[in-house]
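These notes are about the structure you will find just below.
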Amino acid sequence: MSDLPFTLDQLRILKAIAQEGSFKRAADSLYVSQPAVSLQVQNLERQLDVPLFDRGGRRAQLTEAGHLLLNYGEKILSLCQETCRAIEDLQNLQGGTLIVGASQTTGTYLLPRMIGLFRQKYPDVAVQLHVHSTRRTAWSVVNGQVDLAIIGGEIPAELAESLEIIPYSEDELALILPVFHPFSKLETIQKEDLYKLQFIALDSQSTIRKVIDQVLARHDIDTRRLKVEMELNSIEAIKNAVQSGLGAAFVSTSAIAKELQMDVLHCAPIEGVVVKRTLWLIFNPNRYRSKAAEAFSREILPQFAAPGWNIDVLKSSQNHRSLAINTTLELGTSHSDES
């Protein structure tokens, strides 16, 4: 085939249909008409000479060829976006985009503060914050859809090889009680007191819940004896439930600063027990790092990192990346001269 049998617009349409599950919703998301989407798919199938969708069901289902094209198409579109961002960087932070990822807690309470400081210094840079699960965030960083991310969960083994994973800071998880609870009058509570409380917690499969159970177990606390009366799916819901007197909970200290200042929640230290988890900075060392991402890493990240955190590892990774690019260019030039 001398000419490519597809266009970037057709790849965008294919991706939108796969994400939305129907031609109509894909058309709405792209702000085009449904007939235009259908026509582009028909042209694409004719050019490739393979069916891309199984039209037997109510939902648009990709065929094997459709999945294959989508897989490569997402990589092509990602590289196109990366190219555009590299060109934007020529304006030296007088524009461009910074895309930051985060897991739920860091995305809700930590990253907005960091982005706020960055926007004060670089108001012309558009900033996007993508908050998802650790797994989905890690995938986005691997695929180049996110510049860097701060996450608190465990990164899937199949993704770890493609990422630079750096310990960033520690997140302390505090025991909170209603201000009118009898234990709120004590300076500290004992480990045995935990068995007398009714707990409100995140789902048992959540990362934070697992970390809490592991740390408590290391301090000889039998988590099976803890009375979990209610499971909720958000930190805000848990804080409101505790404030209303429905029980106690472990939450990140970053999530309760305002409530402690307003004296609507009580933070109860446990004698001899500190519950902490590590927050990780992740990025893809083999992807182009924009000047906006470099500025964020250099000027904002150190302000919120653990004491002694060293940014040199980021610089080292960037130097390796630049060396690899330069080497490739030199090899390409030599090859061209020889031919």
- Message: For Phe118 and Phe296, take the angle between the two ring planes, folded into 0 to 90°, and tell me which bin it lands in: parallel under 30, tilted 30 to 60, perpendicular over 60.
- Response: perpendicular

- Item | ILVMFWY network linking Leu14 to Leu79, side-chain heavy atoms under 4.5 angstrom | no

- Query: About how many Å separate CG of Asp203 and CD1 of Ile208, when rounded to the nearest 0.5 Å?
  - Reply: 12.0 Å

- Query: Got a salt bridge between Arg277 and Glu172, using NZ or NE/NH1/NH2 to carboxylate O under 4.0 Å?
  - Reply: no

- Message: Do Leu197 and Lys227 have side chains that approach each other closer than 4.5 Å (heavy atoms only, starting at C-beta)?
- Response: no

- For the residue pair Val215 and Leu173, establish whether any side-chain heavy-atom pair is separated by less than 4.5 Å. no

- May I ask you to check whether over 12 heavy atoms, not counting those of Gln303, lie within 6.0 Å of atom CD? yes

- Item | Point-to-point distance, once rounded to the nearest 0.5 Å, from CG of Leu194 to CZ of Phe183 | 8.5 Å

- Look up atom CD in Gln128 and atom CG in Leu98, then write down how far apart they are to the nearest 0.5 Å. 9.0 Å

- Atom pair OG1 (Thr137) and CG (Leu159), whose distance is rounded to the nearest 0.5 Å: 11.0 Å

- Does the side chain of Thr106 come within less than 4.5 Å of Ile151's, by heavy atoms? no

- Query: Mind checking whether Thr188 and Ile270 have side chains closer than 4.5 Å, heavy atoms only?
  - Reply: no

- Task: Please determine if Lys210 and Asp213 form a salt bridge, counting it only when a charged side-chain N lies under 4.0 Å from a carboxylate O.
- Result: no

- Message: Does the Lys NZ or Arg CZ of Arg113 fall within the cation-pi geometry relative to Phe304 - under 6.0 Å from the ring centre and within 45° of the axis?
- Response: no

- Item | Close side-chain approach of Arg12 to Leu77, heavy-atom, < 4.5 Å | yes

- Message: Grouping I, L, V, M, F, W and Y whenever their side-chain heavy atoms are under 4.5 Å apart, do Leu216 and Ile238 come out in a common cluster?
- Response: yes

- Within the side chain of Asp193, is there an N or O that forms a donor-acceptor pair under 3.5 Å with the backbone of Ile189? no

- Between Glu20 and Lys15, is there a side-chain N and carboxylate O pair less than 4.0 Å apart? no

- Query: Has the side chain of Asn284 got a donor or acceptor atom that lies under 3.5 Å from a matching backbone atom of Val142?
  - Reply: yes

- Item | Ala16 backbone acceptor or donor facing Gln19 side chain under 3.5 Å | no

- Salt bridge Glu294-Lys291, side-chain N to carboxylate O under 4.0 Å: no

- Has the side chain of Glu45 got a donor or acceptor atom that lies under 3.5 Å from a matching backbone atom of Leu52? yes

- Message: Can you confirm whether more than 12 heavy atoms, excluding those of Arg136, are under 6.0 Å from its CZ atom?
- Response: no

- Query: In terms of heavy-atom contacts, does CG of Asn233 have more than 12 from other residues, nucleotides or ligands at under 6.0 Å?
  - Reply: no

- Message: Is there a side-chain contact between Leu69 and Leu11 in this structure, where contact means two heavy atoms from C-beta onward sitting under 4.5 Å apart?
- Response: yes

- Task: Please check if the side chain of Ser103 supplies one atom and the backbone of Gly152 the other of a donor-acceptor pair under 3.5 Å.
- Result: yes

- Query: Got more than 12 heavy atoms from elsewhere within 6.0 Å of CG, Asp49?
  - Reply: no

- Message: Is any side-chain heavy atom of Glu161 closer than 4.5 Å to one of Leu163?
- Response: no

- Determine, for Lys276 against Glu170, whether the closest basic-nitrogen to carboxylate-oxygen distance falls under 4.0 angstrom. yes

- Any side-chain heavy-atom pair from Leu177 and Leu265 closer than 4.5 angstrom? no

- Message: If only side-chain N and O atoms count, and only distance matters, is there a donor-acceptor pair under 3.5 Å linking Glu299 with Tyr122?
- Response: yes

- Note on the structure: Closest non-hydrogen atoms of Phe180 and Gly245, given as atom of the first, atom of the second and distance, are CZ-CA, 3.6 Å

- Within 6.0 angstrom of Gln261 CD, more than 12 heavy atoms from elsewhere: no

- Check: His219 main-chain N/O paired with Lys191 side-chain donor or acceptor under 3.5 Å: yes

- Do Ile155 and Tyr168 share a hydrophobic cluster (ILVMFWY, side-chain heavy atoms under 4.5 Å, transitive)? no

- To the nearest 0.5 Å, how far apart are CD in Gln47 and CG in Leu4? 10.5 Å

- Got a sec, which residues hit side-chain contact (heavy atoms from CB on, under 4.5 Å) with Asn240, two or more places apart in sequence or on another chain? Gln243

- Does Arg225 use its side chain to pair, donor to acceptor, with the backbone of Tyr195 at less than 3.5 Å? no

- Query: Does CD belonging to Glu154 count more than 12 external heavy atoms closer than 6.0 Å?
  - Reply: no

- Query: Hey, is the main chain of Leu246 close enough, under 3.5 Å, to the side chain of Ser244 for a donor-acceptor pair?
  - Reply: no

- State whether the side chain of Asp171 and the backbone N or O of Leu279 hold a donor-acceptor pair below 3.5 Å, judged by distance alone. no

- Message: Given 3.5 Å as the limit, does a donor-acceptor pair link the side chain of Lys121 with the main chain of Ile300, or not?
- Response: no

